[in-house]
Number of protein chains: 2
Amino acid sequence: MVHSFDIEDDGGADEAPQGGRIRQRNKARIIAAAEKVFAERGYDGATTAEIAEIAGLAKSNVHYYFGTKEAIYREVVAGIVDLWLKAFGEITAEDDPATAISAYIRQKLLYSRKRPLASRIFATEIIRGAPILRPFLEVDLRDWVEAKAKVLALWAAQGRMDAVSPHHFFFMIWAATQTYADFASQISAVLGHKRLREADFEQAIATVTAIVLKGCGIKA
Amino acid sequence: MVHSFDIEDDGGADEAPQGGRIRQRNKARIIAAAEKVFAERGYDGATTAEIAEIAGLAKSNVHYYFGTKEAIYREVVAGIVDLWLKAFGEITAEDDPATAISAYIRQKLLYSRKRPLASRIFATEIIRGAPILRPFLEVDLRDWVEAKAKVLALWAAQGRMDAVSPHHFFFMIWAATQTYADFASQISAVLGHKRLREADFEQAIATVTAIVLKGCGIKA
DNA sequence: CGAAAACCTAACCAGTTGGACAATTTTTCT
DNA sequence: AGAAAAATTGTCCAACTGGTTAGGTTTTCG
């Protein structure tokens, strides 16, 4: 998993939340509330008071569990990184290119649908210059892309796809899929829908997949 | 141009900045400084004090020209919308599809290179739910997309390109081009470059153009 | 020139925010 | 039960922020 990068404070086991039932439940509530508030208001716009209110706790109680606002933010971001890593899915040389890439795009797009708040927090963190996530980007993500670049190069050598720049290939997929979370308000405005529907996402999956596969000369 | 939507307060002529030389120069300085601050800190994180400092004026002087922080923000956003409209470029039925789409992608990408701050402010505005830009998105941008959808449909009927969903086609191009401004820190981290270089943008243009054109069956 | 208009800014203010703390209540464990 | 640990909260506060104001300086223009 992630070796070089650990956002969370505890250097210990990566699993099993610590503490009693109450602690566990309240921390979860706070994180969930914080995700909403950070996504809607941004880091600076978010207030611990609003997080507390949504979590159904007193503000002082929020500070009891997480010392500072930044600590809450770091934990929210850490959770999002986990999601990213899971959403990465597997793309190996043994896979069929069309199958693997299609699955990857679908997974990313469904993630934008299921967890738009997380996606937006990730986006604003990057836009702000990735003060928290820089190590993750420079090491883990970079390694991941380098590994996948080799897979794409192999596929290209085998004539199973065109020789496209693997970096920009992924940048394009990430952008095209994340936009349905981050820019949802723009997309729904243009589509004339109040909210994005299931069908919109299905059509997005179809369009993005079709263009990317054909555009890279990947045979089905 | 824009008929249904006017962010700027003055209902009058759209050209020629009002006021004397000093006023003009200082307002420009403030806007430039504000663009930087809003892009880096977000709306809530931005302070009029920092804007003033970067502009080289006293905070009170900033409030002398623009009454409120929100007014500054609105003017910055209005300027960005103008850029968007210009960057839209022309895509008409008479154009050659490959030429028109290539030029459009290139223009958008170069805009991400030349004006990354503007792009980031636009992005955060959308992520926040587009409180200011909603009318623009729902009317002007929507109309623009509908008009272009007809062009794409015609091209498809003429067998000059595949019948792809025009909406998602543009969402994809917007995402793939804007990502080089908004997510520059992610991209440079993955590429291992401290800053994005000219060559990175050229390769981005090449990759995105190639995938989109081929992916939509647009013959060169 | 001279006065009106435009420009500039130090000082100030009221509201908000993150966070500290001490006192109290609840839960846990023996 | 009863003591220790954990949880809860009202209250307080220093720092900061957007914005005002009053009084000064500079520019403009007849």
Side-chain angles (χ1 to χ4, degrees), chain A residues 9-10 16-77 121 124-125 128 131-132, chain B residues 9-10 16-77 121 124-125 128 131-132:
Chain A
D9 332 297
D10 60 309
Q18 296 293 323
R21 284 196 317 283
I22 298 178
R23 185 173 193 81
Q24 215 170 305
R25 170 176 56 88
N26 283 348
K27 286 193 83 168
R29 277 190 189 176
I30 292 169
I31 292 295
E35 188 174 300
K36 191 179 295 190
V37 176
F38 281 128
E40 281 173 6
R41 315 244 187 244
Y43 179 79
D44 291 287
T47 68
T48 55
E50 190 180 357
I51 293 173
E53 193 193 325
I54 294 181
L57 300 170
K59 191 183 76 163
S60 350
N61 208 1
V62 169
H63 281 279
Y64 168 72
Y65 285 108
F66 301 87
T68 69
K69 176 178 167 179
E70 194 190 316
I72 306 176
Y73 181 72
R74 294 188 96 95
E75 197 139 323
V76 169
V77 168
I121 292 172
T124 49
E125 163 69 11
R128 294 203 316 158
I132 308 282
Chain B
D9 333 296
D10 60 310
Q18 295 292 322
R21 284 196 316 283
I22 298 177
R23 185 173 194 80
Q24 215 169 306
R25 170 175 57 87
N26 282 348
K27 286 193 81 168
R29 277 190 190 177
I30 293 168
I31 291 295
E35 190 174 296
K36 191 177 296 191
V37 177
F38 281 129
E40 281 172 6
R41 314 247 186 243
Y43 179 79
D44 290 288
T47 68
T48 55
E50 190 180 358
I51 293 174
E53 193 192 326
I54 294 182
L57 300 170
K59 191 183 73 161
S60 359
N61 208 1
V62 169
H63 282 280
Y64 168 73
Y65 286 107
F66 300 88
T68 68
K69 175 178 166 179
E70 194 191 316
I72 306 176
Y73 181 70
R74 294 189 96 95
E75 197 139 322
V76 169
V77 168
I121 292 171
T124 50
E125 163 68 11
R128 294 203 316 157
I132 308 282

- Estimate the overall bend of the helix from C:dC1-D:dG30 to C:dT30-D:dA1 from the end axes over five pairs each, rounded to 10 degrees. 20°
- Interatomic distance, OG1@A:T124 vs CZ@A:F38, rounded to 0.5 Å, equals 10.0 Å
- Item | Rounded interatomic separation in angstrom, taking CG from B:L57 and P from C:dC8 | 7 Å
- Note on the structure: Sequence neighbours excluded, the answer for side chain to side chain donor-acceptor pair (under 3.5 Å) partners of A:Y43 is none
- Item | Distance in angstrom units between B:N61 CG and C:dT9 C1', rounded | 8 Å
- Sequence-distant partners of A:F66, ring-ring contact (aromatic ring centres under 6.0 Å, His included), two or more places apart: none
- Query: Which residues satisfy the side chain to side chain donor-acceptor pair (under 3.5 Å) test with A:E53, sequence neighbours excluded?
  - Reply: none
- Message: Would you compute the distance between atom CD1 of A:I30 and atom OH of A:Y64 and round it to the nearest 0.5 angstrom?
- Response: 11.0 Å
- Name all residues meeting the side chain to side chain contact (heavy atoms under 4.5 Å, CB included) criterion together with A:I54; count only those two or more places apart in sequence or in a different chain, and write none if there are none. A:A33, A:K36, A:V37, A:E50
- Message: Test of understanding: with side chain to side chain contact (heavy atoms under 4.5 Å, CB included), list the residues that count as partners of A:R29, not counting sequence neighbours.
- Response: A:R25, A:N26, A:A55
- Task: Only counting residues at least two apart or in another chain, list the ones meeting ring-ring contact (aromatic ring centres under 6.0 Å, His included) with B:Y65.
- Result: none
- Query: By side chain to side chain contact (heavy atoms under 4.5 Å, CB included), which residues pair with B:A39, not counting sequence neighbours?
  - Reply: B:L117, B:R120, B:I121
- Residues that A:A49 engages under side chain to side chain contact (heavy atoms under 4.5 Å, CB included), provided they are two or more places apart: A:T47, A:K59
- Its contact letters, B for base, S for sugar-phosphate only and - for none at protein heavy atoms under 4.0 Å, make nucleotides 15-30 of chain C read --SBB-B-----SS--
- Rounded interatomic separation in angstrom, taking CZ from B:R25 and P from C:dC7: 10 Å
- In chain order, what residues pass the side chain to side chain donor-acceptor pair (under 3.5 Å) check against A:E70, with sequence neighbours excluded? A:R74
- Message: What range of DNA chain D does chain A touch, first nucleotide to last, counting atoms under 4.0 Å from its heavy atoms?
- Response: D:dA6 to D:dG10
- Query: Between B:Y64 and C:dC8, is there a side-chain N or O to OP1/OP2 distance below 4.0 Å?
  - Reply: no
- Message: Under 4.0 Å from OP1 or OP2 of C:dC7: is there any side-chain N or O of B:R23 that close?
- Response: yes
